[in-house]
Amino acid sequence: MTVDKDAGGVQTPYERVQRTPEFQELRRRFRAFAFPATVAFLAWYLLYVVLSGWARGFMGTQVVGFINVALIFGLLQFVSTFLIAWLYSRHAERKLDSMAADLAAQVEGGHK
């Protein structure tokens with residue numbers, strides 16, 4: 001790893017790349033997916049917890065046989081987790097991976 005002297009001190013390659021517009025755009029694209037997805041999942045999970053604690057009658061409602069609303073909500077937590085992972089995978093493939101590869105090449109002494 002090479003270290004460049006900056007006017008204020010020492011600057012690592014990562015610090016140089018971090019200041020580039022390309023890195024800022026990569027970070028913006030990541031956050032545009034990650035923050036809303038996190039908020040949505042936490043709200044969904046909190047709804048499940050709150051209903052389990054304070055709406056026991058509703059959550060205990062039997063839907064089919066011994067399957068009740070609480071069991072369905074619990075299983076849907078797993079479904080939503082896998083759905084978010086799949087959506088993030090698609091988002092990363094389409095909008096992040098090529099930019100990240102270009103930045104990695106730049107840091108490793110490639111081009112630009």
Side-chain angles (χ1 to χ4, degrees):
M1 171 164 71
T2 61
V3 178
D4 291 341
K5 294 263 181 186
D6 196 21
V10 177
Q11 190 179 47
T12 66
Y14 176 76
E15 289 169 330
R16 280 194 313 274
V17 171
Q18 186 180 16
R19 289 180 175 83
T20 65
E22 295 87 2
F23 182 86
Q24 297 302 318
E25 177 62 17
L26 178 64
R27 192 165 77 171
R28 185 197 65 75
R29 289 181 184 188
F30 169 76
R31 288 178 175 182
F33 180 89
F35 289 168
T38 301
V39 169
F41 181 78
L42 290 175
W44 162 238
Y45 179 73
L46 184 61
L47 174 69
Y48 173 64
V49 170
V50 168
L51 289 176
S52 293
W54 286 280
R56 291 178 183 255
F58 170 69
M59 295 297 271
T61 303
Q62 290 189 342
V63 178
V64 177
F66 293 106
I67 298 175
N68 62 16
V69 173
L71 181 61
I72 293 171
F73 270 45
L75 292 174
L76 286 175
Q77 292 293 316
F78 290 101
V79 172
S80 63
T81 300
F82 288 110
L83 177 64
I84 290 170
W86 177 71
L87 289 172
Y88 176 74
S89 175
R90 286 184 50 203
H91 173 75
E93 184 179 346
R94 292 179 179 175
K95 302 205 175 185
L96 304 177
D97 290 348
S98 63
M99 288 185 78
D102 291 345
L103 285 169
Q106 184 179 344
V107 169
E108 293 168 2
H111 55 293
K112 288 188 184 179

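Just so you know, residue 1 is the first one in the sequence shown, and it goes up from there.
Scanning both residues, E22 and M99, for their nearest heavy atoms gives O-CE, 3.2 Å. Contact detail for Q106 and T20: the closest heavy-atom pair is NE2-CG2, 4.1 Å. The minimum heavy-atom distance between V107 and V17, with the atom names listed, is CG2-CG2, 3.0 Å.
Not counting sequence neighbours, the partners of I84 by the side chain to side chain contact (heavy atoms under 4.5 Å, CB included) test are A37, F41. Partners of F30 under the ring pair (Phe, Tyr, Trp, His ring centres under 6.0 Å) rule, at least two apart in sequence or in another chain, do not exist in this structure. For Q77, there are no side chain to side chain donor-acceptor pair (under 3.5 Å) partners two or more places apart in sequence or in a different chain. Among residues two or more places apart in sequence or in another chain, the side chain to side chain contact (heavy atoms under 4.5 Å, CB included) test is passed with R94 by R90.
Among residues at least two apart or in separate chains, ring-ring contact (aromatic ring centres under 6.0 Å, His included) pairs with a member in residues 63-91 are F33-Y88, F33-H91, W44-F73.
In this structure, E15 does not pair ionically with R19, as no charged nitrogen and carboxylate oxygen lie closer than 4.0 Å.
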Result block: side-chain N/O donor-acceptor pairs under 3.5 angstrom for residues 45-61, not counting sequence neighbours:
residue : atom : partner : partner atom : Å
S52     : OG   : Y48     : O            : 2.8
T61     : OG1  : G57     : O            : 3.1
T61     : OG1  : F58     : O            : 2.9

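Heavy-atom contacts from other residues, nucleotides or ligands closer than 6.0 Å to CD of E93 number 12 or fewer.
The CG atom of L103 sits 10.0 Å away from the OH atom of Y14 when rounded to the nearest 0.5 Å.
Hydrophobic clustering (ILVMFWY, side-chain heavy atoms < 4.5 Å, transitive): V79 and L71 are in one cluster.
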Inset, instruction - Begin with the C-alpha distance, continue with both residues' side-chain angles, and end with the deciding distance and a verdict on side-chain contact (heavy atoms from CB on, under 4.5 Å) for I72 and L76. - result: CA-CA 6 Å; I72 293 171; L76 286 175; 3.9 Å; yes

